[in-house]
Amino acid sequence: MKTKREDIRNIAIIAHVDHGKTTLVDELLKQSGTFRENQEVAERVMDSNDIERERGITILSKNTAIKYKDTKINIIDTPGHADFGGEVERVLKMVNGVVLVVDAYEGVMPQTKFVLQKALDLDLTVIVCINKIDRPEARPNEVIDEILELFMDLDASDEQLDCPFIFASARSGYAMANLEDERKDMTPLFECIVNNIPAPEGDPDADTQMLISTIDYNDFVGRIGVGKIDNGSLKVNQEVMVVNHHDPSKKKRVRITKLYTFNGLNKVDTDEATIGEIVAVSGIADIHIGDTLCSIENPVAIPFQKISEPTLSMDFMVNDSPLAGKEGKFVTSRHLRDRLFRELNTDVSLRVEENPGSENSFKVSGRGELHLSVLIENMRREGYEFAVSKAEVLFHTDERGKKLEPIELAYIDVPDEFSGSVIQKLSQRKGELLGMTPINGGYTRLQFSIPSRGLIGYRGEFMTDTKGNGIINTSFEDYEEYKGEISYRKNGSLIAYESGTTLTYGLFNAQDRGTLFVGAGEQVYAGMIIGENPRTEDIEVNVCKAKHLTNTRSSGADDALRLVPPKILSLEQALDYIDTDELLEVTPEHLRLRKKILDSTARYRANKR
């Protein structure tokens, strides 16, 4: 018989990027007494890996738990970037309700719509938290109307439309049920969660069932599966069957060696857990997201929702440049294959395939450029050395044989004076302007429907065009008919003519030709891209050229050579810059751009064909 666990609430915090999810979780942890009075706590304590802390974004969903009075609240902090939507989709199976965080100034954004759609599809209870109400330009009343409109657009039921609203400032540490209330602490939000989110229910006497929604990894105990117990209970040393709804052939008897519950930021050992509890289990080597742990007598798998398909792909290949193998620890195709297939264990929205006809190249498909660039950056930090090609979109074909391509919705906030140049650029990239509305502060919000191809390589240009003041947000909309050719880059490259070390004299002569990406004293090779030509053609330049001594040369003759500082490209800028006939060489120490064909004669012949 089904019973409710009134002492537990399971919630996910969902929102668009930068609307304050992680800061809100910080405050809930602090005010629930999770930390000692004198304990030093980092800001955005849930963003625990290096890339998350550096970029100020959440990439992986993470679990935590707090105590409010007699209720344990399990909280999952989710990413807000569209590229990591797969992380949000899979964890929603663990919770009974969501807190939708919306910025009191920005209002409803593309990812707000995406995450809310997923929550409503699973019929989860929603609490709306309008955050950052202490911003001077906050407009909470208008944002309430936007949110209710969004609920109606997504065909929400009457019960879902009747959701509670909370007004908060996560940074200042207070929440209110009404705008006129006293600004004190987070109690109104705690009360709202306990009173509105349904308690988890299941049958404690039935056979065990637990769906694995997240995989963690630890060097000491190996793979750790995290999920919610739907029925029955789990005990240490219990024998269970691992089955998978989408893979009927998977049936394996295993023993649970360790069982943990969550408390604050820590996992706590426990001997037994029952329905409604979110737990972590270790000791199962071959456990994956979507697996169900069941009793041996009655192994019934829980269905796992279908994750949205990838839209972009890149080729990852073994580095074969003249400088290959000098900086990386893992350089062979075996290393590359093992690492990419290992990533599939924890990232449900990634796809990896071996390229036919090549043992050294793999096609990696993901949800967007940021999704793939975070994987590249992680591998680079782990000591891998490899090369990647330009991102390409994944086309589909409909039943009539027509070519379809992914289309994205782009919301762009730009200062009024730059809106003309943004509209012009995106129109050239097959973008279609859907709407244009003025917003406060001298900004205009543009809404575009644009092929995913049209956004590849655009963000760097966008930042230049808006002098760093523009904000661009995108979300995948649908597949539509192919929109025609798009020319990616108007500029050519400056290519090194020979291998060697760059010298001031050679660079001084080359810098008049365009913008250089390398400084003096750097290793280059023939076919490597060392700068950008403002014109459309590629030019070969000799940056290793030295000035030969003459009898009449004075000692101060070189003092006049002044080099312009080189433009150092970040990983994203480098991925944006490369064209279809170029590669990015990634090593733990350097990012180098190069032509696919290094030899100039062979390159000339290939272009003539």
Can you establish whether the number of heavy atoms outside Arg337 located under 6.0 Å from its atom CZ is more than 12? yes

Is the closest side-chain heavy-atom distance between Val364 and Leu350 below 4.5 Å? yes

More than 12 heavy atoms of other groups within 6.0 Å of Lys545 NZ: no

Which label fits Tyr479 and His396: parallel for a plane angle under 30°, tilted from 30 to 60°, or perpendicular past 60°? parallel

Side-chain ion pair, Arg429 and Glu461, N-O less than 4.0 Å: yes

Could you state the interatomic distance from NZ (Lys267) to OG (Ser282), rounded to the nearest 0.5 Å? 9.5 Å

Between CZ of Phe517 and CD of Glu532, what distance do you get to the nearest 0.5 Å? 5.0 Å

Answer yes when Glu399 and Lys402 have at least one side-chain N-carboxylate O distance shorter than 4.0 Å, and no when they do not. no

Carboxylate-amine/guanidinium contact Lys390 Glu582, below 4.0 Å: no

Only counting residues at least two apart or in another chain, list the ones meeting side chain to side chain donor-acceptor pair (under 3.5 Å) with Glu485. Tyr482

Measuring only between side-chain heavy atoms, which start at C-beta, is Val543 closer than 4.5 Å to Asn509? no

I need the minimum non-hydrogen distance between Arg445 and Met109, along with the two atoms involved. NH2-SD, 3.8 Å

Can you check salt bridge (Lys or Arg N to Asp or Glu O under 4.0 Å) on Lys363 and Glu354, steps first, answer last? CA-CA 6 Å; Lys363 181 182 178 183; Glu354 300 198 22; over 6 Å; no

Checking His590 against Thr587 for the side chain to side chain donor-acceptor pair (under 3.5 Å) test, could you report, in this order, the C-alpha distance in whole Å, the side-chain angles of both residues, the deciding distance, and whether it holds? CA-CA 5 Å; His590 288 98; Thr587 77; 4.5 Å; no

Minimum heavy-atom separation for Asn319 to Ala324, with atom names? O-CB, 3.4 Å

Work out which heavy atom in Tyr497 is nearest to a heavy atom in Ala526; give both atom names and the distance. O-CB, 3.7 Å

Looking at every heavy atom in both Ile597 and Ala606, which two are closest together, and how far apart are they? CD1-CB, 3.7 Å

Apply ring-ring contact (aromatic ring centres under 6.0 Å, His included) to residues Phe316 and Phe386 and explain how you reach the verdict. CA-CA 7 Å; Phe316 282 53; Phe386 53 98; 5.5 Å; yes

Give me the atom names and distance for the closest heavy-atom approach of Lys483 to Pro451. CG-CG, 3.7 Å

Would one find more than 12 heavy atoms of other residues, nucleotides or ligands at under 6.0 Å from atom NZ of Lys250? yes

Does the salt bridge (Lys or Arg N to Asp or Glu O under 4.0 Å) test come out yes or no for Asp581 and Arg594, once each step is laid out? CA-CA 9 Å; Asp581 64 336; Arg594 53 164 282 193; over 6 Å; no

pair Leu426-Ile412: side-chain heavy atoms closer than 4.5 Å: yes

Which side chain to side chain donor-acceptor pair (under 3.5 Å) pairs, counting each pair once, include a residue from residues 518-527, with sequence neighbours left out? Thr501-Gln523, Tyr525-Glu585

Drop me the distance from Tyr443's OH to Ser419's OG, to the nearest 0.5 angstrom. 12.0 Å

Are more than 12 heavy atoms from other residues, nucleotides or ligands located less than 6.0 Å from atom CD of Glu359? no

With a 4.5 Å heavy-atom cut-off, do Ile376 and Val388 have their side chains touching? yes

Test log, rule side-chain contact (heavy atoms from CB on, under 4.5 Å), inputs Ile212 and Ile287: CA-CA 8 Å; Ile212 301 295; Ile287 195 165; 3.7 Å; yes

So how far is it from Ser321 OG to Leu583 CG, rounded to the nearest 0.5 Å? 10.0 Å

Please determine if Lys403 forms a cation-pi arrangement with Phe395, meaning its NZ or CZ atom is less than 6.0 Å from the six-membered ring centre and no more than 45° off the ring axis. yes

Determine whether Pro310 and His371 make a side-chain contact, defined as any pair of heavy atoms from C-beta on separated by less than 4.5 Å. no

What is the distance from atom CG of Leu409 to atom CD1 of Ile450, rounded to the nearest 0.5 Å? 11.0 Å

Other residues, nucleotides and ligands only: do more than 12 of their heavy atoms fall within 6.0 Å of OH on Tyr411? yes

Please step through side-chain contact (heavy atoms from CB on, under 4.5 Å) for the pair Leu404 and Thr397, ending with a clear verdict. CA-CA 6 Å; Leu404 304 177; Thr397 311; over 6 Å; no

So do the side chains of Glu385 and Val586 get within less than 4.5 Å of each other, counting heavy atoms only? no

Residues Asn533, Asn491; criterion side chain to side chain donor-acceptor pair (under 3.5 Å); working and verdict: CA-CA 6 Å; Asn533 179 18; Asn491 300 3; over 6 Å; no

Less than 4.5 Å apart, any side-chain heavy atom of Leu516 and any of Val564? no

For the residue pair Thr444 and Asp416, confirm or rule out a side-chain donor-acceptor distance under 3.5 Å. yes

Please determine whether salt bridge (Lys or Arg N to Asp or Glu O under 4.0 Å) holds for the pair Arg603 and Glu540, giving the CA-CA distance in whole Å, both sets of side-chain angles, and the decisive distance to 0.1 Å. CA-CA 12 Å; Arg603 201 162 55 239; Glu540 291 199 9; 2.9 Å; yes

In terms of heavy-atom contacts, Gly514 and Pro534 come closest through CA-CD, 3.8 Å

Residue Arg351 excluded, over 12 heavy atoms near CZ under 6.0 Å: yes

Atom OG1 of Thr311 and atom CD of Glu477: how far apart are they, to the nearest 0.5 Å? 13.0 Å

Are any of the side-chain nitrogens in Lys595 or Asp538 under 4.0 Å away from the carboxylate oxygens of its partner? yes

Inspect the contact between Lys596 and Asp315 and indicate whether a charged nitrogen and a carboxylate oxygen are less than 4.0 angstrom apart. no

Asn473: which of His16, Glu408, Glu106 passes side chain to side chain donor-acceptor pair (under 3.5 Å): His16

List the steps, then state whether side-chain contact (heavy atoms from CB on, under 4.5 Å) holds for Leu375 with Leu340. CA-CA 9 Å; Leu375 171 62; Leu340 289 173; 4.2 Å; yes

A side-chain contact here means heavy atoms from C-beta on lying under 4.5 Å apart; do Asp465 and Phe418 qualify? no

Given the rule in the side-chain contact (heavy atoms from CB on, under 4.5 Å) test, do Leu92 and Ile76 qualify, once you have shown the distances and angles that lead to the verdict? CA-CA 9 Å; Leu92 291 181; Ile76 303 170; over 6 Å; no

